[in-house]
Trainee: 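The following block contains the structure, expressed as structure tokens.
Throughout, a chain's letter reflects where its sequence line sits, starting with A, and its residues are numbered from 1.
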There are 2 protein chains.
Amino acid sequence: MLPIEETASILKLMGDKTRLTMLKLLEGDTCCVCEFVELFGMSQPAISQHLRKLKDVGLVKEDKRHQWVFYYLNEDHDLYPMVERVLSTLPSQQEKLLQLTEDGKRIDCCSIKGENSQDDKGTNVRD
Amino acid sequence: MLPIEETASILKLMGDKTRLTMLKLLEGDTCCVCEFVELFGMSQPAISQHLRKLKDVGLVKEDKRHQWVFYYLNEDHDLYPMVERVLSTLPSQQEKLLQLTEDGKRIDCCSIKGENSQDDKGTNVRD
DNA sequence: TGATTATATAAGCAGATGGTTATATACTAG
DNA sequence: CTAGTATATAACCATCTGCTTATATAATCA
């Protein structure tokens, strides 16, 4: 595909408020589907479908851990530098993740697996 | 509108091959509708509708001269810096304009008005 | 003035998009 | 194994998109 066509197809995907916010959130974090569902107040299939599109063009990758699927930015994508240039112009969305944590809705798969922490046994949220 | 929403709406417009190429062409030039029609091999209404969308969000402005309407990038747009960051990652499309010139299809309104040149009297193309 | 050229707008249509609900799949925990 | 939780997929639907053709508007020119 010509560079201008590939760029257009990526920009089209980024040209949706939900997906653009997802990408900004993933700029500094890893999120799983149920966190996005909580954050956007949308149905789980709607979230999955957005993530599918991002995954299909290779903008994000997934990491299945425990019963969750965590998504993260694919920094090896051809157009990642362009994507990052755009994301860097956007205001941080971190406060949304902080709010999730305060609401006890943030997923912490690591503490469950007991690989990286000693606390949170018996719960499936991180804080 | 929230910054992330405004950015998404601009990216959506840029997420079309024709409009993205138009913007890249306008990065270093001014073009009129009939030049775009020639360049893209599309109907004149289709071109006008793309330009209308770009104009509606303020990404381009128009300059009516002689019987033509010339479009150019609006560098004062809020998101112009973001747009320029994206365009700068794209390969130049200048050769398309050169081809137009070779084909004698490039419009030169200035020489017609006789404001900036002494040649080309009686023709409506620049070379 | 009337013909020509350039552009814009309107209406219609096929295909894409983004959501929904229902259901399938996969993993965990008891 | 069974129930519960997380995710994906399928089917459906309303709206949006981008094109087309037809027509309107505007400027130039003979």
Trainee: Which protein N or O atoms sit under 3.5 Å from an N or O of nucleotides 12-16 of chain D?
Mentor:
none

Trainee: Over how many whole Å does the gap from A:I47 atom CD1 to D:dT7 atom P extend?
Mentor: 11 Å
Trainee: Which whole-number value in Å describes the distance from A:E38 CD to D:dA6 C1'?
Mentor: 14 Å
Trainee: In whole angstroms, how far is the P atom of C:dT17 from the CG atom of A:L13?
Mentor: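 Going from A:L13 (CG) to C:dT17 (P), I get 9 Å.
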Trainee: Any base atoms under 4.0 Å from B:Y71, or only sugar-phosphate, or nothing? Heavy atoms, all strands.
Mentor: sugar-phosphate
Trainee: A:I107 CD1 to C:dC27 P: how many Å, rounded?
Mentor: 18 Å
Trainee: What's the CG-P distance between B:D16 and C:dG15, to the nearest Å?
Mentor: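 From B:D16 CG to C:dG15 P: 18 Å.
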Trainee: Any side-chain donor-acceptor pair under 3.5 Å between B:S88 and B:E84?
Mentor: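 No.
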Trainee: Looking at residues 48-63 of chain A, who's got a heavy atom less than 4.0 Å off DNA chain C?
Mentor: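 When residues 48-63 of chain A is checked for heavy atoms under 4.0 Å from DNA chain C, the hits, listed by number, are A:Q49, A:H50, A:K53.
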Trainee: B:M42 CE to D:dT20 P: how many Å, rounded?
Mentor: 6 Å
Trainee: Please report how far the helix from C:dT1-D:dA30 to C:dG30-D:dC1 bends, comparing the axis fitted to its first five pairs with the axis fitted to its last five, to the nearest 10 degrees.
Mentor: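 The helix from C:dT1-D:dA30 to C:dG30-D:dC1 shows an end-to-end axis angle of 20°.
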Trainee: B:F70 CZ to C:dA6 P: how many Å, rounded?
Mentor: 11 Å
Trainee: Is B:Q44 side chain donor-acceptor paired with the C:dA8 base, going by distance under 3.5 Å alone?
Mentor: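 By the distance-only test, yes, there is a pair.
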